[in-house]
Structures are given as C-alpha cells and as structure tokens.
Visitor: 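There's a structure below that I have some questions on.
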2 protein chains.
Amino acid sequence: MKNRLKVLRAERDWTQAQLAEALEVSRQTINAIEKGKFDPSLPLAFKAARLFKLPIEDIFDDEVETK
Amino acid sequence: MKNRLKVLRAERDWTQAQLAEALEVSRQTINAIEKGKFDPSLPLAFKAARLFKLPIEDIFDDEVETK
DNA sequence: TGTCTAAGTCAAGTGTGCTTTACAAAAAGA
DNA sequence: TCTTTTTGTAAAGCACACTTGACTTAGACA
C-alpha cells in the first residue's frame, strides 16, 4: 500500500515524530507506514484523513505498486 | 466503528456468504464486522469500496457510537 | 571536527484481524 | 410442522498492526 504521508508532512514541514504525536501513534509506526513496511489500521487511516482533511483514498493507495 | 454493509447487502439482496466471497474473506469475518466485533483492515475496506463503488467514508463510520 | 536533529532499523512483546471448524438460533418456505 | 437457508457465536491458531527501547545513519551547522 502506497501513501502520501511523506509529501503531506513535507507540505506542512512536520517531522515523523510530530505526525506520530498528532495521530497518537509511535514514531516507528509512522516510519514503517511511510516505508511501506505495513498498512495502517482503518481507524488510523480515518485519523490521518481527518488530520489532513482529505479522503482516505487521497492519502492511501491500495493499487498494486508497479515499480 | 459503524458500517453500512448490512444495508448495502440488502439493497443487492446478498447474503453474508455472498459478500464474503466477493471480498475474499470468510463469512464469519463479514458477520463480525457487521456486528461491530472488530474493524476491517484498510485493504479490506478498499476492497469493499471498490465493490460497492463508494468512498470508504460512505461505507464505514469512524465516529463514536452514541447508542 | 563535534554536536544536534531527523530518519531508518531491529528485537521482543501485546493486541487484534482473520482463519477454520463447529454448532445453535432465527428466518423463510414448503 | 418440517426442512433449508441464513445469521450468530465460540474456540484455537496464525499473521500483522503497533508498542517500547535501543542503536545506527545522515544532514545541518557551529
């Protein structure tokens, strides 16, 4: 699952730690999600959507990565 | 987490088993999600959104249940 | 060069999403 | 009523979302 967290962070000049705090998860969790290590839970995706005021589909991308 | 799966099923006259098959999960998983026993994973939420051609937010509701 | 911050990663542990198997309860049809 | 279908639920097990703690790497800057 791809996601735009890194870009959305950059647009706001936030660190992984700051985003983690805003979403009430650990910094390692943010890092792992950004690096594609695992997918966030649905509740966490909702939290991110509310934080960035974007639909979940605009933050996370379920399509297969064709790297 | 509330959800409209039961209604969306009813609109299409589908059983839990049929929805489970369409989403490639077990019937018990559909039942548990409909009954609020646990939240679906984000990938499963994406699958449901594609199946029903609706945004994830139109199927699942992260707001606190005020029963 | 040395220091500070941000990012990346690993290990071990906890909780939960989802499975299969099985059975009971409820609904629907004859 | 009898039978079939659908829904609800439980137990045991596996995989993964997420945690804390610790360590490394890289960049910025004095």
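Note on naming: letters A, B, ... go to the chains in the order of the sequence lines (proteins, then strands), and numbering restarts at 1 for each one. What you see is a predicted model, and the numbers here were worked out from it, not measured in a lab. Atom set for the values below is all heavy atoms of this structure, side chains included, hydrogens, waters and symmetry mates excluded.
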Visitor: Can you check whether A:Ser41 has a side-chain N or O nearer than 4.0 Å to OP1 or OP2 of C:dG17?
Guide: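 No.
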Visitor: Mind calculating the distance between NZ (B:Lys47) and P (C:dG17) to the nearest angstrom?
Guide: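 So the NZ-P distance, B:Lys47 to C:dG17, works out to 17 Å.
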Visitor: Whether the side chain of B:Arg27 engages the backbone of B:Ala20 through a donor-acceptor N/O pair (distance < 3.5 Å, no angle test) should be reported.
Guide: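 Looks like no, no N/O pair under 3.5 Å.
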Visitor: Taking B:Pro55's backbone N and O only, do any of them form a donor-acceptor pair with A:Glu57's side chain (distance below 3.5 Å, no angle check)?
Guide: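 No, the answer is negative, given that no donor and acceptor are paired below the 3.5 Å cut-off.
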Visitor: Starting from C1' on D:dT6, measure out to CD on B:Gln18 and report it in whole angstrom.
Guide: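 About 11 Å, once rounded to whole Å.
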Visitor: Nearest to the side chain of B:Thr29, heavy atoms from C-beta on, is which of D:dT7, D:dC18, C:dC18?
Guide: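 Looking only at heavy atoms from C-beta outward on B:Thr29, the closest nucleotide is C:dC18.
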Visitor: Could you work out which one of D:dG8, C:dC18, D:dC18 sits closest to the side chain of A:Val25?
Guide: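 The closest nucleotide is D:dC18.
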Visitor: Hey, does the side chain of A:Asp39 reach the backbone of B:Ser41 with a donor-acceptor pair shorter than 3.5 angstrom?
Guide: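 Looks like no, no N/O pair under 3.5 Å.
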Visitor: As a test of reading the structure: which of C:dC18, D:dA17, C:dG8 is closest to the side chain of A:Phe38, going by heavy atoms?
Guide: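 Comparing C:dC18, D:dA17, C:dG8 against the side chain of A:Phe38, the answer is D:dA17.
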Visitor: Counting any heavy atom closer than 4.0 Å, what does B:Ser26 reach on the DNA or RNA strands: base, sugar-phosphate only, or nothing?
Guide: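 Base: the residue B:Ser26, judged by heavy atoms under 4.0 Å, touches a nucleobase.
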Visitor: Backbone N or O of A:Gln18 within a donor-acceptor pair of the A:Glu21 side chain at under 3.5 Å?
Guide: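 No, because the side chain of A:Glu21 does not come within donor-acceptor range (under 3.5 Å) of the backbone of A:Gln18.
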Visitor: Would you kindly give the CD-to-P distance between B:Glu34 and D:dT7, to the nearest whole Å?
Guide: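 Rounding to the nearest Å, CD of B:Glu34 and P of D:dT7 are 8 Å apart.
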Visitor: If only atom types and distance count, is the side chain of A:Asp62 paired as donor or acceptor with the main-chain N or O of B:Lys47 below 3.5 Å?
Guide: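 It does not hold such a pair.
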Visitor: To the nearest Å, give me how far apart CD (B:Glu21) and P (D:dT5) are.
Guide: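 Answer to the nearest Å: 16 Å.
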Visitor: Identify, between B:Gln28 and B:Asp39, the residue whose nearest nucleotide on DNA chain C lies closer to the 5' end.
Guide: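 Nearest nucleotide further toward 5': that of B:Asp39.
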Visitor: Nearest-Å distance, NZ (A:Lys6) to C1' (C:dG8)?
Guide: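 About 10 Å, once rounded to whole Å.
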Visitor: Taking the side chain of A:Asn31 as heavy atoms from C-beta outward, which of C:dT9, D:dG8, D:dT9 is closest to it?
Guide: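 When the side chain of A:Asn31 is considered, C:dT9 is the closest of C:dT9, D:dG8, D:dT9.
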Visitor: Just the rounded figure in Å: distance from P of D:dA17 to CG of A:Leu23.
Guide: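 In whole Å, D:dA17 P lies 16 Å from A:Leu23 CG.
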Visitor: Given D:dC18, C:dC18, D:dT9, which nucleotide is nearest the side-chain atoms of B:Ile33?
Guide: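 Looking only at heavy atoms from C-beta outward on B:Ile33, the closest nucleotide is C:dC18.
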Visitor: Rounding to an integer number of Å, can you tell me how far B:Asp13 CG sits from D:dT6 C1'?
Guide: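 Going from B:Asp13 (CG) to D:dT6 (C1'), I get 12 Å.
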Visitor: On DNA chain D, compare the nucleotides closest to B:Pro43 and B:Gln16; which residue's is nearer the 5' end?
Guide: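 Comparing both residues, the 5'-ward one is B:Gln16.
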Visitor: How long is the line joining CD of A:Glu24 and P of D:dT19, in whole Å?
Guide: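 After rounding, the gap between these two atoms is 10 Å.
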Visitor: Taking only the side-chain heavy atoms of B:Lys35 (C-beta and beyond), determine which of D:dA17, D:dT9, C:dA6 contains the nearest atom.
Guide: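 Given the options D:dA17, D:dT9, C:dA6, the side chain of B:Lys35 is closest to D:dT9.
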Visitor: Hey, which of these two, B:Ile30 or B:Arg27, hits DNA chain C nearer its 5' end, going by closest nucleotide?
Guide: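 Between the two, 5'-proximity favours B:Ile30.
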